[in-house]
Enquirer: 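Here it is, the structure in full.
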Protein chains: 2
Amino acid sequence: MQSAHLREHNLSTVLAALAAASTSAAPISRAGLAKRTRLTKPTVSKLVEELVNASLVEEGEPISAGAGRPMVPLTPARGTLLAIGLEIAADHVACLGIDLAGEVLSHQIEYRKVTASSAEDAIDLAAELLGRVRAEAGDLPVVEVVVAVPGRIAPDDGRVLSAPNLDWTEVPLVGRLLAHPELAGLSVRAQNDNRLSVLTEIDHRPGESFIYLRGSTGIGGAVVLDGALMTGTHGWAGEFGHTVIEPGGATCRCGRQGCLEAYVSYHALRERAGLGDDVLIEDLVEALSLRSDRAEVIGMIGRSLGLAIANALNVLDLTTVVLSGYLAPIADELEPVIRETVEQHALAVEAGPVLIERSDGHADPALRGAARAALQPVFNAPGAWIGRTSPRSH
Amino acid sequence: MQSAHLREHNLSTVLAALAAASTSAAPISRAGLAKRTRLTKPTVSKLVEELVNASLVEEGEPISAGAGRPMVPLTPARGTLLAIGLEIAADHVACLGIDLAGEVLSHQIEYRKVTASSAEDAIDLAAELLGRVRAEAGDLPVVEVVVAVPGRIAPDDGRVLSAPNLDWTEVPLVGRLLAHPELAGLSVRAQNDNRLSVLTEIDHRPGESFIYLRGSTGIGGAVVLDGALMTGTHGWAGEFGHTVIEPGGATCRCGRQGCLEAYVSYHALRERAGLGDDVLIEDLVEALSLRSDRAEVIGMIGRSLGLAIANALNVLDLTTVVLSGYLAPIADELEPVIRETVEQHALAVEAGPVLIERSDGHADPALRGAARAALQPVFNAPGAWIGRTSPRSH
DNA sequence: GACGTTAGTTACGGTAACTTACTAACAACG
DNA sequence: CGTTGTTAGTAAGTTACCGTAACTAACGTC
């Protein structure tokens with residue numbers, strides 16, 4: 001490491017510690033940061049001074065906590081930078097703008113059916129919504145734009161390889177977005193929606209390691225190691241949907257046999273429950289609850305998930321599973337079935353209990369996660385953003 | 001990061017780059033290190049000077065390569081520090097002492113059946129062999145001792161939880177070893193033998209990501225991400241042996257059903273081939289090759305492995321698989337079967353070919369890996385070893 | 001033997017972080 | 001109401017690391 005990078009590294013450390021503290025609990029002081037980062041007080045003061053001058057951090061009113069001089073609370077600056085999340089889903093397009101503090105500066109959503117033929121329209125709409133968000137946020141400097149898509153994305157150029165839910169194949173999403181004037185000169189990335197959803201979960205479980213399973217159209221997911229999202233070669237790590245749970249079993253929409261999704265995807269469940277294709281994902285659970293064979297269906301879902309989870313836990317040696325999406329509302333019922341299956345097959349249980357937990361169901365975690373991801377460059381390299389913020393308004 | 005750590009960090013960087021260069025190809029010069037580490041020549045010179053003075057690095061005779069001043073080749077110092085690997089296996093106990101250059105300073109091995117009742121004897125023998133190694137190496141300062149055991153080890157205190165191959169359960173291995181005078185004051189760690197074997201493989205594939213599968217008594221393995229061994233919560237990540245490949249299938253020795261090991265472990269194969277339990281692991285492949293149903297057996301192994309591999313590849317999103325142990329000699333025959341199964345089930349194939357490769361069969365990779373692991377502290381924190389080496393002898 | 005080239009060193013300067021010692025602002029106590 | 005103790009934050013000076021620029025060293029080539 002070169003000495004010039006040392007400052008950058010420490011700036012990043014301080015800003016990250018500051019953000020972590022202010023999301024979790026009470027804001028933190030310079031002295032507190034010094035303790036957490038193991039840097040000295042003068043060093044932290046200098047770094048904080050730099051961050052405050054650059055409008056990346058703001059000081060609050062001094063707070064007295066018992067004896068001693070009151071601390072000056074530090075928080076990520078509000079309203080100085082704009083991070084933008086976009087979401088393209090089967091029935092809507094949305095855009096969310098947040099600032100460094102995670103505060104929502106603007107939220108735009110349009111409900112519209114997105115299909116293969118309307119791909120261009122959806123992309124145009126996304127650009128338009130993004131334009132509205134930028135305007136409503138007061139034309140702040142934009143950190144980055146991250147687009148959530150329910151499909152597979154080529155890591156190099158942001159092409160959507162396939163998004164079954166949208167009926168998209170080979171859509172050059174990022175390229176098309178960049179062609180719009182609203183996005184001129186911006187940095188745009190696309191990501192799988194499930195992988196972005198998990199970012200919201202990571203915020204609530206800093207530094208933890210867990211498997212994340214999300215039921216939406218298919219079964220998506222992610223692997224989180226020590227608070228960091230595992231990527232894999234193509235950025236697809238944690239795609240549990242096509243884990244084989246029964247060799248030669250039911251045929252999956254992907255053409256393979258015995259995939260988890262052949263048993264517990266939205267479509268598989270809908271068909272099994274004898275429901276029409278007009279039942280929304282959100283209503284699937286409720287529709288199931290009306291049926292007499294509910295327990296049986298829950299049991300089937302639980303055993304299928306349990307097998308996939310057990311294998312994943314064996315390979316990864318983790319002990320925590322977080323259920324999200326339409327799995328979250330039935331997590332309590334699924335838990336005993338999954339637990340039984342996991343305990344039959346997973347090795348990790350030898351060392352202690354496996355935790356099967358429910359996600360703290362945030363509204364639209366994918367969109368929020370996309371915006372959070374768009375914030376990341378600032379925390380990774382604060383130095384690059386010094387001098388590029390809008391001066392504080394209030 | 002504190003400024004004092006910067007030096008340590010750069011020392012580590014330089015030493016690691018130096019070691020990497022000298023294992024792979026021709027030794028490297030100060031100028032070469034400067035290029036690789038992106039530090040400047042004067043900085044590298046200063047750091048190298050420190051390492052040379054500390055007897056961690058040694059200079060060779062200048063080598064002229066075309067025009068310009070000849071370079072001074074730098075290599076990790078030989079015979080100044082001792083890293084010790086121990087191995088406790090079903091039929092032998094061994095000890096290997098190497099120096100920073102990876103050169104073998106002493107190798108001791110005793111063939112003896114190790115079982116539950118002879119656990120104490122085996123540990124005594126290990127300590128004795130270690131004493132011989134230290135003596136033969138000339139009482140050099142010992143970096144660390146790492147013990148390879150074919151079983152599960154508690155990460156906190158080095159207890160062997162279970163080692164089916166040795167018939168051990170709950171053996172306080174590290175504690176017992178430390179009680180011997182030969183190991184007084186040394187740092188001792190225990191590790192699973194398969195996880196240590198993979199270190200030898202990592203040396204040959206620096207920075208790569210792959211799944212490692214090793215056939216010995218059971219099917220062990222490891223997951224390597226960007227050249228780093230994945231640990232998991234208990235240090236068991238990559239234990240593929242008990243991946244479920246057929247729910248409700250054959251009963252495994254672990255008591256579960258449908259495990260991979262229930263189909264392709266040494267015992268399972270031996271029984272299937274109708275061989276007695278006097279066939280050594282090393283001879284298993286040869287014994288199989290004499291049978292008329294060889295192709296069928298290979299097919300069964302390949303399909304079983306393929307399923308486990310496909311699921312692991314799906315979850316981890318990796319594209320390379322390395323086969324080792326008794327799987328290595330039949331890797332060429334297994335490859336087409338595994339490939340077919342993987343292509344039927346794994347998603348990664350959509351993005352390109354999955355590579356199924358054979359390990360560069362080193363002799364006794366577990367023991368060698370243990371010694372390599374025992375070397376690691378020096379590369380991680382060279383500063384701590386400055387002033388603690390034995391002065392060069394030759 | 002002058003020149004170009006590559007390896008490595010020397011001298012110097014900038015910068016970041018640490019040490020020490022201070023001031024600031026409060027509570028508790030008598 | 002001052003004194004004392006405690007915690008937050010600042011100021012000044014020092015240390016140490018690394019980078020820059022310019023050098024020397026040791027070769028091959030023309």
Side-chain angles (χ1 to χ4, degrees), chain A residues 1-15 17-18 21 26-54 57-75 381-383 386, chain B residues 1-15 17-18 21 26-54 57-75 381-383 386:
Chain A
M1 171 155 0
Q2 292 160 11
S3 67
H5 296 171
L6 183 56
R7 181 57 158 274
E8 186 65 28
H9 184 247
N10 283 341
L11 272 174
S12 173
T13 305
V14 166
L15 186 56
L18 197 155
I28 196 167
S29 68
R30 290 168 171 79
L33 282 173
K35 260 189 193 153
R36 290 218 191 173
T37 61
R38 299 188 160 250
L39 295 165
T40 58
K41 283 195 292 173
T43 303
V44 170
S45 276
K46 275 247 172 94
L47 295 169
V48 167
E49 186 190 5
E50 209 165 332
L51 293 171
V52 169
N53 287 340
V57 167
E58 63 186 30
E59 300 180 311
E61 286 304 304
I63 300 172
S64 178
R69 174 174 171 174
M71 72 169 194
V72 178
L74 302 168
T75 48
I386 287 176
Chain B
M1 169 151 10
Q2 293 160 9
S3 72
H5 295 170
L6 184 56
R7 181 57 156 273
E8 186 65 27
H9 183 245
N10 284 340
L11 271 174
S12 172
T13 305
V14 166
L15 186 56
L18 198 154
I28 197 167
S29 67
R30 290 172 230 266
L33 283 173
K35 261 190 193 153
R36 290 217 191 175
T37 61
R38 302 188 155 249
L39 294 164
T40 58
K41 283 195 294 174
T43 303
V44 170
S45 275
K46 276 246 173 93
L47 295 169
V48 166
E49 185 189 5
E50 208 165 334
L51 293 171
V52 169
N53 286 341
V57 167
E58 63 185 31
E59 299 179 313
E61 287 304 305
I63 300 172
S64 178
R69 174 174 172 174
M71 72 168 195
V72 179
L74 301 168
T75 48
I386 288 176

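Letters A, B, ... are given to chains in the order of the sequence lines, protein chains preceding strands, and every chain is numbered from 1.
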Enquirer: Expressed in angstrom and rounded to an integer, what is the separation of A/Lys35 atom NZ from D/dG9 atom C1'?
Expert: 14 Å
Enquirer: Let me have the donor-acceptor pairs involving side chains of residues 36-46 of chain B, under 3.5 Å, with sequence neighbours excluded, atom names and distances please.
Expert:
from: B/Thr37; atom 1: OG1; to: B/Leu33; atom 2: O; distance (Å): 2.7
from: B/Thr37; atom 1: OG1; to: B/Leu39; atom 2: N; distance (Å): 3.3
from: B/Thr40; atom 1: OG1; to: B/Thr43; atom 2: OG1; distance (Å): 2.8
from: B/Ser45; atom 1: OG; to: B/Lys41; atom 2: O; distance (Å): 3.4

Enquirer: Less than 4.0 angstrom between a side-chain N/O of B/Ser45 and OP1 or OP2 of C/dT9, yes or no?
Expert: yes
Enquirer: Would you mind reading off the distance between B/His9 atom NE2 and D/dC18 atom C1', rounded to a whole angstrom?
Expert: 14 Å
Enquirer: Round to a whole Å and report the spacing from CD1 of A/Ile63 to P of D/dT6.
Expert: 23 Å
Enquirer: In this structure, how many angstroms lie between the C1' atom of C/dA7 and the CG atom of B/Leu33, rounded?
Expert: 12 Å
Enquirer: Starting at CD of A/Glu61 and ending at C1' of D/dA8, how long is that distance when rounded to a whole Å?
Expert: 16 Å
Enquirer: Would you mind classifying the nucleic acid contact of A/Val44 as base, sugar-phosphate or nothing, using non-hydrogen atoms under 4.0 angstrom?
Expert: nothing
Enquirer: Under 4.0 Å between a Lys/Arg side-chain N and an Asp/Glu carboxylate O for A/Arg30 and A/Glu49?
Expert: no
Enquirer: Is the backbone N or O of A/His9 less than 3.5 Å from a side-chain atom of A/Thr13, with the two atoms forming a donor-acceptor pair by type?
Expert: yes
Enquirer: Show the nearest heavy-atom pair for residues B/Ser29 and B/Gly32, with the distance to one decimal.
Expert: OG-N, 3.0 Å
Enquirer: Expressed in angstrom and rounded to an integer, what is the separation of A/Ile28 atom CD1 from D/dA8 atom C1'?
Expert: 13 Å
Enquirer: Between A/Arg30 and D/dT10, does any side-chain N or O lie under 4.0 Å from OP1 or OP2?
Expert: yes
Enquirer: Between A/Glu8 (side chain only) and A/Gly383 (backbone N and O only), is there a donor and an acceptor less than 3.5 Å apart?
Expert: yes
Enquirer: Should A/Leu74 and A/Val48 be marked as a side chain to side chain contact (heavy atoms under 4.5 Å, CB included) after you check the CA-CA gap, both sets of side-chain angles, and the distance that decides it?
Expert: CA-CA 9 Å; A/Leu74 302 168; A/Val48 167; 3.9 Å; yes
Enquirer: Once rounded to the nearest 0.5 Å, what's the spacing between atom CG of B/Asn53 and atom CD of B/Glu50?
Expert: 8.0 Å
Enquirer: Taking only N and O in the side chain of B/Ser29, is any of them less than 4.0 Å away from OP1 or OP2 of C/dG8?
Expert: yes
Enquirer: Mind calculating the distance between CD (B/Glu49) and C1' (C/dA7) to the nearest angstrom?
Expert: 16 Å
Enquirer: How does protein reach along nucleotides 12-23 of chain C, written 5' to 3' as B (base within reach of a heavy atom under 4.0 Å), S (only sugar-phosphate), or - (no contact)?
Expert: ----SSSBB---
